[in-house]
Number of protein chains: 2
Amino acid sequence: MKRVTIADIARAAGVSKGAVSYALNGRPGVSEETRRRILAVAEQFGWHPSSAARALSDGRTGVLGMIVDRPARTLGIESFFMQLISGIEATLSARDVSLLLQVTEDREREMATYRRWWAQRRVDGVIVVDLRRDDPRVALLEELNMPCVVIGGPHGLGTLPGVWSDEVAVTTAVVEYLAALGHRRVARVAGLADLWHTSVRGQAVADAADRVGLTDVTTVYTDYTGEEGARATRALLSRRPSPTAIVYDNDTMAVAGLGVAHEMGIAVPQQLSIVAWDDSPLCQLLHPQLSAVSRDIAAYGGHAAEQLLKILDGAETRSFQDTTPQLIPRGSTAPPAAA
Amino acid sequence: MKRVTIADIARAAGVSKGAVSYALNGRPGVSEETRRRILAVAEQFGWHPSSAARALSDGRTGVLGMIVDRPARTLGIESFFMQLISGIEATLSARDVSLLLQVTEDREREMATYRRWWAQRRVDGVIVVDLRRDDPRVALLEELNMPCVVIGGPHGLGTLPGVWSDEVAVTTAVVEYLAALGHRRVARVAGLADLWHTSVRGQAVADAADRVGLTDVTTVYTDYTGEEGARATRALLSRRPSPTAIVYDNDTMAVAGLGVAHEMGIAVPQQLSIVAWDDSPLCQLLHPQLSAVSRDIAAYGGHAAEQLLKILDGAETRSFQDTTPQLIPRGSTAPPAAA
DNA sequence: CGGCGATGGTTACCCGCTTCATATGAGCTC
DNA sequence: GAGCTCATATGAAGCGGGTAACCATCGCCG
C-alpha cells in the first residue's frame, strides 16, 4: 500500500508540489483560496509531511533527546523521572515536538549516545539530568556544540545553560527548622555522592549547621534505594548518642527509615524526626505523614523543555532559576524528647 | 560548521559514495580490505549516517513509539511504567533502536498521535499499553496497518499481537490462598474499571470465589491513586461485617490501605490481610511487609520490544505469553481472627 | 499602449543516503 | 586468444520534502 506523499496532494489539488509546501507551512506564494483548498485535500487524505524528508531538507528533526543513566533497580522506585518526563512532554507536545528517551546503566554508553545522536542528527538537542561533579558530559556537549539544557546547576555547568532551583535556601530552611525545634544531633541520609546537588545540599547543611550551632551532623551516602536507606538508618540509630532527626534525600529512603524506626521501637516523631526530600503522595499515606521538601517536578521539566526550545529558536543560551522548593512540615517532625 | 557526510568519507577514502554505503552496511560489493579502510576513515571522522537521509531512502526510522495515557498525578506514583520502559530500552538499545515517548492525558490525542506518527513515518511501530475494553485503538491500528505490539491480552486484541501473562492463574491462586487461610469475606480494590486486565482479574476472582465457596466478595474501582485506595479501604472497613482480607490492584493503594488500617486501629495481619498487586521494593520496606503478586515488569517490556522488532523484520505477527506472575506471601497475610 | 510592480504559481535543484544498472578487469575454460 | 564468469567498484536515480529562481497575469499609471 503506497503511502500518500506531497505529490499526491499536489495532483489532487491541481497544483504543484511547491504550492503544497507553501500552503502547508504558512508561507506567501499561494492565495488564501488555494491554500484552503490544498489544506482541505491534505486533511482529507490524512497527509502529514514525512518527518525524514523534512528533516533532511531543513536540518531539523522535531525531536529532543534525554538519557537517564540509572540502574533499573533504582529507577522504578523514584517518581522523580516519571514526573519530570510528563512535565517535559506537556510542553513539547503542545508544539509537536517529540521526546526520544534512552535508559542506560552505563556512563560511557551515555556519552557515546550523545555523540551518535548528534552525528546522525537524530535529535535537535538534549535535556541532561543527574549533573555530577566534574561531569565529563559537560565538556563533551561543549565540544559537540550540541544544543542542550542541563537540569541542575548553577555550578558545574561550564558554558551550558541550566535549569535549577535554590537548593541552598531550602536546605538552610530545613536545618534551621530542625534546630528551632530543639534538635542538636541531626543526620542526613544522602543520595549518590558524586551528584552535584548531593554535594550542594551537603555544603548547605554544613554551613547552616555551623551558623545555628549544630556540631553533630552526620552524613551517609547511598544509592537512593530503600535497602540502603534502611541500612543507613539502622546504623545511625544504633550510635550513642543517636541523632534525633534524620533528613533523607528521597522519599523512598524516608519510608524505609520510618520502617526501621518502627522495627527498632523508636517513636516518630517523639524520639526521632524525619524529613523527606521530594514530596510525593506516598508521604501523606503513611502514619505519621512525612514532613517533606516539596517542589513541582513536572514544572521543572516543563521549564527545561521551554528553555531548550527557545535555544533552538535561536535565543541566546541562558540559565533559568526555578522556584525554590518548600519545606512542608507534617507529622513526622517535632521537638526531640528531653535529653 | 559543516557536518561530515557520506561524500566526505568517500572522498577521504578515495572511493565512491556507493562503496561507503556498502561497507557501512555490511553488504557485498566491496572487498574486505576496502571495507576496512572505509570503516577506519568513518571512525576517524566520527561519522554516522544521517538518520533522516537513511529513513527517507529505505523507509525505516529505527524508532519505536510508545504513548502513555495517564494523568501525571497517577504516573509518578507507579513504578510500573518506569520499569517497563527500562526493560524495553534494554532490548532496543542493544540494536540501536530508539524509543519515542509521548505522555498524554487525552485519549483522542493518543489516537491522533498514532495517525500522525504513521503518516509522518516518524516511527516504525508502536508499543501499546493499558488495553481497554472495546479499545478504539485496536481498530485504528488495524486500519492503519501499523506494526505494533499490545502489552495485554489475550482478549480484546482483535488481530493485533500481544504480550501477556496468565492473570487468571495468579488471580485464582491469590483467592485460593486467602480461602485456604480461612478468609470468607474478601474485597478487592481494583484499578480503572475499563482496563482489560481489571475486568479479567475481576472475572477470575468471581470464578475462583465461586469455586472455593466465598460468597461475600466486594469490588471497588479506583484510579490507582493512594487517595482513592485509602477512601475505598475506609469504606470497606466501615461495613458490618467488614472484609477480613483486601486485595489491591497496585502497591500504592496497598500502602494507603495499610495506613488506613493503622489509623482505624485494625491490626494487620491479625484482623485484616492485605495483598498488593505488583510487588515493589516498597512492599518490603513496610511493617508488616506486604504479601504481593510479583512479576518481572522489565522483562515484560523487553519481550514486547523483541516481538515488535521481529515483526518489523518480517516475522508473522504472533502473540507471546510471558511467565505467570507469582504470589509472594509475606507478613501482611494470615488466617483471620476467629469470627 | 508600453512598462512596471504585485500577486500567484511553477520548475528545478538540494538535503544525504540506498540501491540498481552498468562498467572494468582479472582469472578461467575451451 | 575469444568468450565467460565472478568480484569489485562506479554512476545515477530516487526517497519526499523545502525553497530560490524564474515565469505568467493582471491592474495601474503615465
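Computed from a predicted structure; not experimentally measured.
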- request: Using heavy atoms to find the nearest nucleotide of DNA chain D for B:V30 and A:V4 separately, return the residue whose nucleotide is more 5′.
  value: B:V30
message: Looking at B:R36 and B:E33, is any side-chain nitrogen of the basic one under 4.0 Å from a carboxylate oxygen of the acidic one?
response: no
- request: Would you indicate what B:V15 reaches in the nucleic acid, counting non-hydrogen atoms under 4.0 angstrom: base, sugar-phosphate, or nothing?
  value: sugar-phosphate
Note, B:D124 side chain near B:P147 side chain (heavy atom, < 4.5 Å): no
message: Under 4.0 Å, heavy atoms only, any strand: does A:S16 hit a base, just the sugar-phosphate, or nothing?
response: base
- line: Nearest heavy-atom contact between B:T104 and B:D106 is OG1-N, 3.1 Å
query: Quick one: does A:R35's side chain have a donor or acceptor within less than 3.5 Å of a partner on A:A23's backbone?
result: yes
field: Distance under 6.0 Å and angle within 45° of ring axis: B:R3 vs A:W118
entry: yes
query: Think A:T5 has a side-chain N or O under 4.0 angstrom from the OP1 or OP2 of D:dG16?
result: no
task: Sorted by first residue and then second, give each salt bridge (Lys or Arg N to Asp or Glu O under 4.0 Å) pair with at least one member in residues 52-72 of chain B; sequence neighbours left out.
output: B:R60-B:D313, B:R70-B:E78, B:R70-B:D130
task: Examine D:dG18: is either OP1 or OP2 under 4.0 Å from a nitrogen or oxygen in the side chain of A:R54? Give yes or no.
output: yes
query: With no angle test and no hydrogens, is the base of D:dA20 tied to the side chain of A:Y22 by a donor-acceptor pair under 3.5 Å?
result: yes
- prompt: Taking CG from B:D58 and P from D:dG16, how many angstroms apart are they, rounded to a whole number?
  reply: 12 Å
- prompt: With a 4.0 Å cut-off, would you call B:D322 and B:R295 a salt bridge?
  reply: no
- request: Using the heavy-atom set of chain A and a strict 4.0 Å cut-off, write down the first and last nucleotide of DNA chain C that makes it in, 5' to 3'.
  value: C:dG8 to C:dG16
field: Rounded distance in Å - NZ (B:K17) to C1' (D:dA13)
entry: 10 Å
query: NA contact type, A:S50, heavy-atom cut-off 4.0 Å: base, sugar-phosphate, or nothing?
result: sugar-phosphate
query: What is the distance, rounded to the nearest whole Å, between atom CD1 of B:I6 and atom P of D:dC15?
result: 18 Å
- prompt: Rounded to the nearest Å, what distance is computed from the CZ atom of residue B:R11 to the C1' atom of nucleotide D:dT10?
  reply: 16 Å
